[in-house]
Amino acid sequence: MKSYTMYVCETCGFECKDGKEMMKHEASHLGLTAEELEKYNSLKSYARYMGSVVSSNNDETTREKFDKAIRDLIAFEKEHGLK
């Protein structure tokens, strides 16, 4: 038996076997390049992570890091016209 990975666009359901092609496709829905989409996903992930850190260790240092993560994410969204 052979098996393979299939990637499916979360926005429109487009399917393909190539992960890089799917990154380009999903980025096109947002008007971004694949590299910009990777950065955007990284910023969102870090903001979520810092939010969880603040929820368990709420001190000045973690709040500052969380606030910076949110500011960086908002700046990226404004720069690229995302909501």
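Numbering of residues begins at 1 and proceeds along the displayed sequence.
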Query - Test side chain to side chain donor-acceptor pair (under 3.5 Å) applied to Asn41 - qualifying residues, sequence neighbours left out - result: none

**Report entry** Spatial distance of atom CG (Asp67) from atom OG1 (Thr62) [nearest 0.5 Å]
**Finding:** 9.5 Å

Report task. Kindly check if the number of other-residue, nucleotide or ligand heavy atoms within 6.0 Å of NZ (Lys44) is above 12? Result -> yes

**Report entry** Rounded distance [0.5 Å steps], CG in Leu82 versus CG in Leu37
**Finding:** 9.5 Å

**Report entry** Side-chain touch Lys17/Tyr7, heavy atoms, less than 4.5 angstrom
**Finding:** no

Would you list the atom pairs, donor with acceptor, under 3.5 Å between side chains in residues 22-32 and any protein atom, with sequence neighbours excluded?
unit_1, atom_1, unit_2, atom_2, d
His25, NE2, His29, NE2, 3.2
Glu26, OE2, Glu10, N, 3.2
Ser28, OG, His25, O, 2.5

**Report entry** Residues which pass side chain to side chain donor-acceptor pair (under 3.5 Å) with Arg71, listed by chain and number, not counting sequence neighbours
**Finding:** none

Report summary line: Residue set satisfying side chain to side chain donor-acceptor pair (under 3.5 Å) with Asn58, at least two apart, ordered chain then number -> Arg63

Query raised in the report: What pairs meet the ring pair (Phe, Tyr, Trp, His ring centres under 6.0 Å) rule with one or both residues in residues 40-73, with sequence neighbours excluded?
Result: Tyr40-Phe76

Requested in this report: Using salt bridge (Lys or Arg N to Asp or Glu O under 4.0 Å) as the criterion, list what pairs up with Lys39, not counting sequence neighbours.
Outcome: none

Query raised in the report: Would you say Glu64's side chain and Thr61's backbone share a donor-acceptor pair under 3.5 angstrom?
Result: no

Report task. Report yes or no: do Val54 and Leu73 belong to one cluster of Ile/Leu/Val/Met/Phe/Trp/Tyr joined by side chain heavy-atom distances under 4.5 Å? Result -> no

Requested in this report: Indicate yes or no for a side-chain donor-acceptor contact from Ser55 to the backbone of Ser52 under 3.5 Å, with no hydrogens or angles considered.
Outcome: yes

Requested in this report: First locate atom NZ of Lys65, then atom CE of Met50, and finally report the distance between them rounded to the nearest 0.5 Å.
Outcome: 6.0 Å

